[in-house]
2 protein chains.
Amino acid sequence: MSERSDDNREERPRLSRERVLRAAVAVADAGGIDSLTIRSLSQSLGVKPMSVYYYVASKDEILDGIVDLVFSEIELPTAGGEWRTEIRRRADSARRVLRAHPWAIGLMESRTSPGPATLRHHDAVIATLRTAGFSPELTAHAYALLDSYTYGFALQEVGLPFDGSDTVADVAEPIMERFSTGEYPHLVEMATDYYLQPGYDFGDEFAWGLNLILDALTTPAASATRHPSADRDREGSARQE
Amino acid sequence: MSERSDDNREERPRLSRERVLRAAVAVADAGGIDSLTIRSLSQSLGVKPMSVYYYVASKDEILDGIVDLVFSEIELPTAGGEWRTEIRRRADSARRVLRAHPWAIGLMESRTSPGPATLRHHDAVIATLRTAGFSPELTAHAYALLDSYTYGFALQEVGLPFDGSDTVADVAEPIMERFSTGEYPHLVEMATDYYLQPGYDFGDEFAWGLNLILDALTTPAASATRHPSADRDREGSARQE
DNA sequence: AGTGCTTTCGTACTTTGTACTGTACCGTCC
DNA sequence: GGACGGTACAGTACAAAGTACGAAAGCACT
């Protein structure tokens, strides 16, 4: 896009809303969401601060925009495919994406107006479940459950002090030492006996829980519009695998 | 500089770290986390801005502190009781607390150093599960699952545009109209046929999903250290029982 | 009275978001 | 062809934010 036409002077638009938002994501990825200021953003774009305001109305709009941009990175499930596979694929993708952009989760809380990618995403998941034969009611239940789990897991993951480079041990060890076995005995026991064992990866828990949820959703008890109140332990009937 | 001040000024400590943090929670509850500034906080305490810095080192420390304060509001499960009841109680409590302090979820992402209340909380939950006979492995699985679900649900709940005062319909209706049935057919269908029906309360989904998880955890398949059936599996994971 | 500790306040510096204004270039219409 | 408006940036400026620095005011000892 260099030798377009015209003369020596180049006045092609350097910016665009798209480019502004992508740059904002890059800045946030690199230095955290706090490092994303209008000035740092504009500098990464090679323009002066106020120039970005030609493409976005406010910083809040940038924040809304990058949340939606992150959502657009999540793989959509394909309606019609084997629903467990599709749902698992999108859940895995969501987790991966949210790990790549940890700041996005914190933003989700404050941004209440969903963007187009977010809506498209919801639509695709609903379509997958409905096409697989879920009733509207069960779809609502399942969607709330799956999304809660996925986002919640991501939330916990980014809340962990380490960032994937090392195992839990490297960071947890010094913390654990401080209250050796006095104050939080069970926590310390679990940590030393399990979390801090070599090879443990918290991320692996994701698949375990997701499988449990998917299996439970295929159970007759789930389809049978369970009621939250009265059923405690009348179970054992719910197995088929 | 100025001549003098009041003579009968009593100089007993008006503040304390505790009071500062509680006031910070109150300010955040009232006007959102953005409204919590050193100046607004100090004003609500009746002192000048810099005075609060005698009790906290920085605003970040305040944020860490109020997150832990919120955690301390969550009911602890009692180890030894019927574990489903205890876990349900603490999950319900967590959801209630996080709804009362919606800003806390957004903070959890950025605050990586857990406070004493947070640790005590973890300890109590682990104790409950272990006492109920869960193996360390299953405890880890179950805890990750339950926490992910609980926080994730809360995250979704506070992300909703309405704040509990009204039904979903009031806020979703105008949004839905904009793309009547064109772009997001399944989403619109679900919304009109289900979410927007009178009497629907998203919060009710919480109990449904929680029951499904609790039931699934009592299933033999869960206890039997399930493996991601059709997934890439890690080698060397501890297996016992 | 002097010394030191605790608690609060005043001042000032820096970084932030952004309102207002300016400017260079383009195309369009009379 | 000249006035006009639109486009895409830049410059200046200000208010609000966090907070470093240190003074001041009271108390508790000597």
Side-chain angles (χ1 to χ4, degrees), chain A residues 1-25 27-28 30-67 103 106-107 110-111, chain B residues 1-25 27-28 30-67 103 106-107 110-111:
Chain A
M1 54 191 76
S2 321
E3 71 261 44
R4 181 78 191 85
S5 60
D6 293 335
D7 36 317
N8 39 16
R9 224 191 45 72
E10 55 162 284
E11 194 71 19
R12 280 276 76 49
R14 276 171 278 180
L15 269 46
S16 69
R17 188 190 152 86
E18 175 89 7
R19 225 176 295 207
V20 167
L21 293 181
R22 291 205 183 283
V25 168
V27 171
I33 193 63
D34 286 340
S35 80
L36 175 62
T37 69
I38 296 292
R39 287 167 227 265
S40 67
L41 171 59
S42 62
Q43 189 171 358
S44 88
L45 285 163
V47 298
K48 298 292 174 176
M50 287 314 290
S51 299
V52 316
Y53 279 101
Y54 186 74
Y55 298 94
V56 293
S58 64
K59 184 172 181 183
D60 273 347
E61 198 181 293
I62 295 179
L63 297 179
D64 283 333
I66 59 179
V67 166
W103 41 264
L107 284 188
S110 41
R111 313 287 116 196
Chain B
M1 315 322 175
S2 301
E3 335 60 73
R4 30 123 292 208
S5 37
D6 320 32
D7 42 341
N8 193 6
R9 196 162 79 188
E10 61 173 87
E11 204 67 26
R12 280 272 70 61
R14 274 169 280 180
L15 269 45
S16 70
R17 187 189 152 88
E18 175 89 7
R19 225 175 297 207
V20 166
L21 294 181
R22 291 205 181 283
V25 168
V27 171
I33 193 64
D34 286 340
S35 80
L36 176 62
T37 69
I38 297 293
R39 287 167 228 263
S40 67
L41 171 59
S42 63
Q43 190 171 356
S44 87
L45 284 163
V47 299
K48 298 290 175 180
M50 288 313 290
S51 301
V52 317
Y53 280 100
Y54 185 75
Y55 298 95
V56 294
S58 63
K59 185 174 180 181
D60 273 347
E61 198 181 293
I62 295 179
L63 297 180
D64 283 334
I66 60 179
V67 166
W103 41 265
L107 285 187
S110 40
R111 313 287 116 196

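All chains are named by letter (A, B, ...) in the order of the sequence lines, taking the proteins before the strands, and each is independently numbered beginning at 1. Given the structure is predicted, the values throughout are model-derived calculations rather than measurements.
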Can you check the [X] [atom1] to [N] [atom2] distance for me, whole Å?
{"X": "A/Asp60", "N": "C/dT16", "atom1": "CG", "atom2": "C1'", "result": "14 Å"}
{"X": "B/Leu45", "N": "C/dT8", "atom1": "CG", "atom2": "P", "result": "10 Å"}
{"X": "B/Ile38", "N": "D/dA20", "atom1": "CD1", "atom2": "P", "result": "11 Å"}
{"X": "A/Gln43", "N": "C/dT16", "atom1": "CD", "atom2": "P", "result": "11 Å"}
{"X": "B/Glu18", "N": "C/dT7", "atom1": "CD", "atom2": "P", "result": "16 Å"}
{"X": "B/Asp34", "N": "D/dA16", "atom1": "CG", "atom2": "P", "result": "16 Å"}
{"X": "B/Leu41", "N": "D/dA17", "atom1": "CG", "atom2": "P", "result": "12 Å"}
{"X": "B/Leu63", "N": "D/dG18", "atom1": "CG", "atom2": "P", "result": "9 Å"}

So, taking the atom named OH in B/Tyr55 and the one named CG in B/Leu21, what distance separates them when rounded to the nearest 0.5 Å?
12.5 Å

Quick one: CZ on B/Arg39 to CE on B/Met50, what's the gap to the nearest 0.5 Å?
9.5 Å

Between B/Asp64 and B/Arg111, which heavy-atom pair has the shortest distance, and what is it?
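Shortest heavy-atom contact: OD1-CD, 2.7 Å.
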
I need the minimum non-hydrogen distance between A/Arg14 and A/Gly46, along with the two atoms involved.
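Scanning both residues completely, I find the closest heavy atoms to be NH1-O, 3.9 Å.
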
With distance as the sole test, does A/Ser40 use its side chain to make a donor-acceptor pair with the main-chain N or O of A/Ser35 at under 3.5 Å?
yes

If you check the [X] side chain, which of [options] turns out closest?
{"X": "A/Arg14", "options": "D/dA10, D/dT19, D/dG18", "value": "D/dA10"}
{"X": "A/Met50", "options": "D/dT19, C/dG17, C/dA19", "value": "C/dA19"}
{"X": "B/Lys48", "options": "D/dT19, C/dG17, C/dC9", "value": "C/dC9"}

So does [X] get a side-chain nitrogen or oxygen closer than 4.0 Å to the phosphate oxygens (OP1/OP2) of [N]?
{"X": "B/Lys59", "N": "D/dG18", "value": "yes"}
{"X": "B/Tyr54", "N": "C/dT8", "value": "no"}
{"X": "B/Ser51", "N": "C/dT7", "value": "no"}
{"X": "B/Arg39", "N": "D/dA16", "value": "no"}
{"X": "B/Tyr55", "N": "C/dT8", "value": "yes"}

